Amino acid sequence: MWDNHTMNSSLLSGLNPEQRAAVELPAQSALILAGAGSGKTRVLTTRIAYLISTGQVSPHGILAVTFTNKAAKEMVTRLSALLPINTRGMWIGTFHGLCNRMLRAHFREANLPQTFQILDSGDQLSAIKRLMKVMNVDDEKYPPREVANFISGSKEQGLRASDVEAYDPYTRRKVEIFAEYDAQCQREGVVDFSELLLRCYELLQRNQQLREHYQARFKHILVDEFQDTNPLQYRWLKLLAGRDNALFAVGDDDQSIYAFRGANVGNMQELLRDFHVESVIKLEQNYRSHGNILDAANALIQNNRNRLGKNLWTDAHKGEPLRVYEAPNDVEEARFIVDEIQQLRREDVRLSEIALLYRSNAQSRVLEHALVSAGLSYRVYGGLRFFERQEIKHALAYLRLMENTDDDNALLRIINFPTRGIGARSIEQLQESARQFNTTLFNAAARAGGKVAAFVGIIEALRNETRDLPLPEIIDHVLQHSGLVAHYEAEKTTPAKRREAEERLDNLNELLNAATLFVHEAEDDSLTAFLTHASLEAGEHQAGDSEDALHLMTVHAAKGLEFHTVFITGLEQGLFPHENSVNEDGGLDEERRLMYVALTRARRRLYLSFAQSRMLHGQVNYSVMSNFLREIPEELLHWLTPRFEARRTFSSGSQETASYVAAFGAAHSEPAPPSPQAAWRIGQRVFHQKFGEGVVTDAEGSGNDGRVQVNFKRAGSKWLALEYAKLTAL
DNA sequence: TGGTTCTTAGTTTTT
DNA sequence: CTAAGAACCA
């Protein structure tokens, strides 16, 4: 036992009054509105430490939920630093991780096999495709992607197939697929991500004894990033909280950027009502950014309706203004960024302290190209993750099938990989026979003869040979004897292929390392546990983390991170905000929150850049500056190029114009002659040199400064800046 | 069965 | 443009 008094004073020292109030709240439900950089994680972990050290609850009675494994890990790390306790047995994890834990503990009650496997999004998609083939569903009319979203979306609303109300034949068919898909998963002993949550929710709902057990246990439930919870997650929390437990939710409605995937910010309002929350505490003091950056973020986000309301402030200096750069095109934008980074390096800013953010992944290309040319090292985040690589998925499929022969998904992935002469024809026969005998593919394969039976022999041999071996040895054995290693060794034919094959072999080796590490760190070092780990933690990044490199990522991926310098690139209408979002309701607001997240990533320096034209889908696209940039007060900005609007007032031939053209000539080497046409009318037929014939469908601005939307016969609908696009009336 | 060419689509995606 | 997937041929 330690001295409560000293422990508390050291715990609470350094907290501001609001943070402290949040930490010291009595045991009742609360909502903490925590702005960007306001010390949210610190409050969450200190709250846990406080509850434990004041004896209000034992570590055993805490349930702490996050969305990412990274956040969960960080919480554990920080907690261990605050308190001399063993965090191992504590229930701190992601929604999915915790649900998995409960389902494993009560697999019988949940009607699952002990070794049930978890399908990631890719596995789920292939399971759906396979099923749709069996059901004879037209995948043109029902794109598997959409069906997958429909199923996951329904589950995230807490709905089973039988609960979905379908009023049209189209939806009815999707519901049928949904029902069949669930039946298939059940047969095969697998669960997808949303099933993990729904199954756990149903388990607690139906099983009074279990529910009461956990309700009695978790007196304090703490949730991070509460604005990102979906309806099912919220119901799960409500169920566990029951009538008496305290739900401590931390979130920021202004940083809700996952509504497109089912997150429901409305949960924050519901929480206030359902839990009779008396204490809403706002954490508005920001410890991250300089004043100008926060002022810009505040000004921007004020344009959103339906906010809970919050304004960030800081004790820090105003700092520099935000630097704005208008480039003639995407390549020049990248070149500018490279120049600035080289300058920053001379000022001793480390590369790893600089982030290049963009709205969509495709934008990284141009940037990467410029960085490679300049010899600057960088790292693109959010690419293919370790456990999602083809060769890793293959290796895992062997392991999964050994563990659970009902897993048809796994079987289909490897029955002919490496190739062993089992083609589409044989597989079809196998599926037919499995259906006939109402059994799994593996069982059907065992009855078959020839190559198919040989495959069954391979799996059974692997199983027998690895029985009772430690995990890394199991994996090593499987890699060697499945033929995977030999397959990739044999791929080393041409130099180009050799590099690829070597990389894949390296990754397989890395899988072995991952398993070794896992055995050392995990409480449960069984194969099942490792496979679960592989599904739930697709694995951050491979080696090379130590190198000083720039960070390239989407704005979504940047949430929760911070950098000395941030470049927000591609600030153009149609790109950011993205045109697809503008049509969805609430879409523009979500885009604005995304911009808010982007702005608040920067500690000291922020660059905002946009390009007049950019290569998109292989065609040059012209666009105008993002409205989000217009929403930032002028006095916070420092334009590195002449301001967009200012140029319009130039009279031709003036000195200013001449110097401007000299400096930024690339895009203006062929200044568009003033169009004789004063304004384009909607419905006007026009001709464009590159896109051909089209019809004006919309117009903005006036005269030569505006832009028009033209629906081209060949090239589709486009927005064109009249200043640059040469349109002829037809 | 495996390599080729053709077609088509192209936001964001913690698990 | 370019990457993935399907259709297509050897």
Side-chain angles (χ1 to χ4, degrees), chain A residues 65-73 93-100 118-126 129 139-140 143-145 148-149 152 155-156 191-197 224-225 227-230 232-233 255-263 330 357-363 365-366 369 381-385 387-388 390 416-427 451 532-540 553-561 570 574-584 587 590-591 593-595 597-598 614-621 716:
Chain A
V65 198
T66 63
F67 276 85
T68 65
N69 293 298
K70 199 174 151 197
K73 252 180 229 148
T94 63
F95 279 101
H96 295 82
L98 296 169
C99 286
N100 172 66
I118 299 165
L119 302 182
D120 67 22
S121 330
D123 299 329
Q124 185 192 27
L125 194 62
S126 44
K129 282 181 182 166
D139 58 3
E140 299 263 287
R145 259 256 112 73
N149 287 337
S152 296
K155 289 185 184 179
E156 279 159 17
V191 297
D192 61 39
F193 285 143
S194 35
E195 181 70 26
L196 223 35
L197 297 175
D224 191 17
E225 305 275 21
Q227 77 282 352
D228 288 337
T229 49
N230 63 38
L232 175 58
Q233 287 161 338
Q255 291 190 72
S256 156
I257 55 173
Y258 286 108
F260 74 94
R261 270 168 60 145
D330 49 352
L357 307 185
Y358 35 78
R359 174 67 238 268
S360 63
N361 285 307
Q363 287 167 254
R365 272 198 115 77
V366 198
H369 185 81
Y381 288 80
L384 193 48
R385 279 178 300 183
F387 286 111
E388 284 168 358
Q390 187 216 100
N416 197 35
F417 193 97
T419 49
R420 34 179 84 88
I422 304 174
R425 180 98 191 88
S426 322
I427 290 173
K451 296 165 176 172
T532 299
H533 165 81
S535 301
L536 292 182
E537 280 181 66
E540 286 307 285
M553 62 187 94
T554 64
V555 181
H556 282 94
K559 193 170 100 164
L561 305 177
L575 196 60
F576 197 0
H578 198 280
E579 57 180 338
N580 296 0
S581 307
V582 178
N583 305 320
E584 295 162 23
E590 179 146 322
E591 293 286 304
R593 291 193 292 269
L594 201 49
M595 180 67 178
V597 168
R614 129 178 352 258
M615 199 65 131
L616 217 64
H617 312 327
Q619 284 186 324
V620 179
N621 241 269

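Note that the structure is a prediction, hence the values are computed from the model and not measured. In what follows, chains carry the letters A, B, and so on, assigned in the order in which the sequence lines appear, proteins first and then strands, with residues in each chain numbered from 1.
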Point to revise | Backbone of A/Asn580 reached by a side-chain donor or acceptor of A/Asn583 within 3.5 Å | key: no
Review point. Under 4.0 Å between a side-chain N/O of A/Arg365 and OP1 or OP2 of C/dA3, yes or no?
Key: yes
Review point. Between A/Tyr358 (side chain) and A/Val555 (backbone), is there a donor-acceptor pair under 3.5 Å?
Key: no
Exercise for review: Report yes or no: does A/Asn416 contribute a side-chain atom to a donor-acceptor pair with the main-chain N or O of A/Arg420 at less than 3.5 Å?
Suggested key: yes
Review point. When you check the phosphate oxygens OP1 and OP2 of B/dT12, does a side-chain N or O of A/Asn361 lie under 4.0 Å from one of them?
Key: yes
Check your understanding: Under 4.0 Å between a side-chain N/O of A/Arg261 and OP1 or OP2 of B/dT15, yes or no?
Key -> no
Check your understanding: Expressed as a whole number of Å, how far does the C1' atom of B/dT12 sit from that of C/dG5?
Key -> 23 Å
Review point. Does A/Glu584 reach the main-chain N or O of A/Ser581 with its side chain, forming a donor-acceptor pair under 3.5 Å?
Key: no
Check your understanding: Quick one: is A/Arg385 getting a side-chain N or O under 4.0 Å of the B/dT15 phosphate, OP1 or OP2?
Key -> yes
Review point. Is A/Thr554 near enough to B/dT13 that one of its side-chain N or O atoms lies under 4.0 angstrom from OP1 or OP2?
Key: yes
Review point. Could you give the CE-to-C1' distance, from A/Met615 to B/dG10, as a whole number of Å?
Key: 15 Å
Practice item. Indicate, with a heavy-atom threshold strictly under 4.0 Å, whether A/Asp228 touches base, sugar-phosphate, or nothing. Key: base
Review point. What does A/Gly421 touch in the nucleic acid at a heavy-atom separation under 4.0 angstrom: a base, only the sugar-phosphate, or nothing?
Key: sugar-phosphate
Exercise for review: State whether the aromatic ring of A/His578 stacks on the base of B/dT11, taking stacking to mean ring centres under 5.5 Å apart and ring planes under 30° to each other.
Suggested key: yes
Review point. Do side-chain atoms of A/Ser194 reach the backbone of A/Lys155 as a donor and acceptor pair under 3.5 angstrom?
Key: no
Practice item. Name the nucleic acid region contacted by A/Ser194, choosing base, sugar-phosphate or nothing; use a 4.0 angstrom heavy-atom cut-off, strictly under. Key: nothing
Review point. For A/Phe260 and B/dT13, is the gap between ring centres under 5.5 Å while the planes differ by less than 30°?
Key: no
Exercise for review: Could you measure between the two P atoms, the one in C/dA4 and the one in B/dT13, and give it in whole Å?
Suggested key: 16 Å
Exercise for review: May I ask you to say what A/Tyr258 touches in the nucleic acid, namely base, sugar-phosphate or nothing, with a heavy-atom cut-off under 4.0 Å?
Suggested key: base
Review point. For B/dT12, does OP1 or OP2 lie under 4.0 Å from any side-chain N or O of A/Ser581?
Key: no
Review point. Between A/Asp192 (CG) and B/dT14 (P), how many Å, whole number?
Key: 16 Å
Review point. Which part of the nucleic acid does A/Leu119 contact within heavy-atom distance under 4.0 Å: base, sugar-phosphate only, or nothing?
Key: nothing
Practice item. Select base, sugar-phosphate, or nothing to describe what A/Gln124 touches, counting heavy atoms under 4.0 Å on all strands. Key: nothing
Check your understanding: If only side-chain N and O atoms of A/Asn580 are considered, is one of them under 4.0 Å from the OP1 or OP2 phosphate oxygen of B/dT12?
Key -> no
